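Input: a single structure, listed below in structure tokens.
These numbers come from a predicted model, not from an experiment. Counting convention: from 1, in listed order, for ligands and their atoms alike.
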Amino acid sequence: MLSRKASCDSHGQDSSYFLGWQEYEKNPYHEVQNPNGIIQMGLAENQLSFDLLESWLASNTDALGLKRNGRSVFRELALFQDYHGFPAFKNELVEFMAKLRGYKVAFDPNKLVLMAGSTSANEILMFCLAEPGEAFLLPTPYYPGFDRDLKWRTGVEIVPIHCSSSNDFRITACALEEAYQRAQKLNLKVKGVLVTNPSNPLGSTLNRDELNHLIDFAIKKEVHIISDEIYSGTVFDSPSFISITEAVMEKHVDHETDLLGRIHIVYSLSKDLGLPGFRVGMIYSNNETVVAAATKMSSFGLVSSQTQFLLSNMLSDKKFTSKYIKENQRRLKKRKDMLVSGLRSAGIGCAKSNAGLFCWVDMRYLLRSDTFEAEKELWKRILFEVGLNISPGSSCHCSEPGWFRVCFANMSQETLKVAIRRIEVFAESSSSASGRENLSHQRSVRNSRRSLSKWVFPISSYNDHEPADR
Ligand SMILES: Cc1ncc(COP(=O)(O)O)c(C=O)c1O
């Protein structure tokens with residue numbers, strides 16, 4: 001019944017990233033009503049600073065009441081349908097973006113196109129820059145949603161740039177070239193590289209060497225760079241964030257390369273302000289043709305006028321935004337430190353991170369074997385026996401089994417404590433079980449279940465649908 005496009009399975013919904021969410025929804029943890037339920041740690045949401053936003057709203061009732069200087073703007077907003085967006089809102093957005101980058105770079109509101117979130121912005125860039133069957137290179141591990149956002153409706157292919165734990169998953173010139181050659185062998189024309197900076201799922205910022213490799217590569221191969229900077233306001237520790245724009249400026253790239261016209265930034269307020277429900281995203285591009293095409297396409301996913309009105313009021317309060325950015329980063333760091341030290345006490349390490357809403361956690365020693373089957377087995381145990389939904393590295397296309405993304409900002413501190421306690425008990429029971437020689441795997445699983453009896457769940461008859469290339 002469905003068209004080929006609607007039924008095309010490159011959406012990625014069979015990935016354990018989405019399957020984990022489904023399991024969570026069947027049995028969500030609640031402190032009182034369902035204390036044995038699953039804790040959602042697979043969702044990169046920022047709920048840590050809602051009180052700051054709410055207190056701003058409480059003292060700025062005009063903004064929420066759709067009033068300007070006490071007079072209703074309801075009719076004006078209800079009729080507004082210019083797909084260029086409110087100039088006042090775009091001015092505030094570029095100012096906010098510059099602020100997050102320490103005013104080292106300035107942005108022009110005429111080069112900004114509003115979109116319904118970064119999801120929409122990334123897809124529209126694919127439509128603008130690539131034909132179906134052409135490719136973008138993405139460093140692994142990458143955000144699982146990119147399979148849907150970049151490939152599904154556009155027909156564009158993703159070719160992974162394999163990064164490795166041996167250098168903290170950093171992007172190297174070699175890895176870029178290797179991915180390019182692999183794409184060529186597959187007869188795929190490479191149109192560009194897409195990075196997330198700071199990285200989801202690594203939780204770290206790209207360093208200057210990585211940015212320089214990207215720039216050199218884009219010049220040499222004459223391809224685009226898309227930098228998804230959706231987490232730019234979450235950088236809570238040194239080294240500080242270097243935007244692709246700043247890196248290009250500082251490298252004094254020859255104008256004849258026309259590199260600037262091939263650099264596009266994606267941003268949204270979903271993470272930094274914790275407002276994914278408001279659907280505020282954007283493309284920032286130096287390329288006039290891309291800006292014009294993306295503006296036309298934005299008709300399919302505009303930002304509502306009342307959202308633009310409310311947020312342009314909020315962002316124009318510079319005292320508030322300065323306080324918010326600083327306090328939000330402080331809270332994120334505190335949370336991240338809490339998770340890292342909890343995991344450390346359970347004998348589990350994390351990749352060093354300085355940003356984001358998650359940690360990239362190394363559970364390789366808990367694997368039965370060094371395979372993705374063993375990773376999936378561990379993921380299921382953590383989901384059903386321990387009651388935590390975390391994202392396995394395979395759903396982020398990581399090339400090494402045993403890594404997991406664990407989110408820490410979408411829950412209360414108390415819930416995070418419960419999650420950490422569960423992991424501690426699990427790690428302890430797993431390592432003592434594996435230390436006992438001559439004990440069959442079956443028995444060790446039984447033992448660990450016994451000590452986890454407080455939150456034991458039946459392992460459902462679970463269908464494995466992991467896509468083959470993961
Ligand atoms: C790297 C990255 N890009 C894009 C998105 C989508 O964000 P939005 O809510 O703005 O569509 C996410 C959300 O998790 C993300 O992590």
- Task: Please could you name the atoms of ligand 1 that Arg279 approaches to less than 4.0 Å, counting only its heavy atoms?
- Result: 8 (P), 9 (O), 11 (O)
- Go through ligand 1 atom by atom and flag the ones less than 4.0 Å from a non-hydrogen atom of Ser268. 10 (O)
- Task: Classify the ring geometry between Tyr180 and Phe217 as parallel (under 30°), tilted (30 to 60°) or perpendicular (over 60°).
- Result: perpendicular
- Query: So does Glu288 have more than 12 non-hydrogen atoms from other groups sitting under 6.0 Å from CD?
  - Reply: no
- Below 4.0 angstrom from a heavy atom of Ser270, which ligand 1 atoms are there? Numbered from 1 as shown, please. 8 (P), 9 (O), 10 (O)
- Query: Can you tell me the protein heavy atom closest to atom 14 (O) of ligand 1 and the distance?
  - Reply: Lys271 NZ, 2.7 Å
- Which of the atoms in ligand 1, numbered in the order shown and given with their element, are less than 4.0 Å from a heavy-atom of Thr196? 1 (C)
- Flag this pair as yes if the NZ/CZ of Arg335 is under 6.0 angstrom from the six-membered ring centre of Phe408 and inside a 45 degree cone about the axis; otherwise no. no
- Message: Evaluate Asp149 for polar contact with ligand 1, using N/O atom pairs at a separation under 3.5 Å.
- Response: no
- Item | Protein heavy-atom partner closest to atom 11 (O) of ligand 1 - residue, atom, separation in Å | Thr119 OG1, 2.5 Å
- Message: Check whether Asp147 reaches the backbone of Trp152 with its side chain - one donor and one acceptor, N or O, closer than 3.5 Å.
- Response: no
- Pair Asp216 + Lys251, salt bridge at N-O below 4.0 Å: yes
- Note on the structure: Counting heavy atoms under 4.0 Å, the part of Ser118 that contacts ligand 1 is both
- Residue Asp228 vicinity, atoms of ligand 1 by number, heavy atom under 4.0 Å: 1 (C), 2 (C), 3 (N), 4 (C)
- Task: Could you point out which residue of Lys333, Arg330, Lys334 forms a salt bridge (Lys or Arg N to Asp or Glu O under 4.0 Å) with Asp237?
- Result: Lys333
- In the protein, which heavy atom is nearest to atom 7 (O) of ligand 1, and how far is it? Ile230 CD1, 3.3 Å
- Check ion pair Arg331-Asp51 (N to O, under 4.0 angstrom): yes
- Query: In terms of atom number and element, which parts of ligand 1 are under 4.0 angstrom from non-hydrogen atoms of Gly117?
  - Reply: 10 (O), 11 (O)
- Message: Any carboxylate oxygen within less than 4.0 angstrom of a Lys/Arg side-chain nitrogen, looking at Glu157 and Lys191?
- Response: no
- Item | ligand 1 contacted by Tyr231 (non-hydrogen, < 4.0 Å) | yes
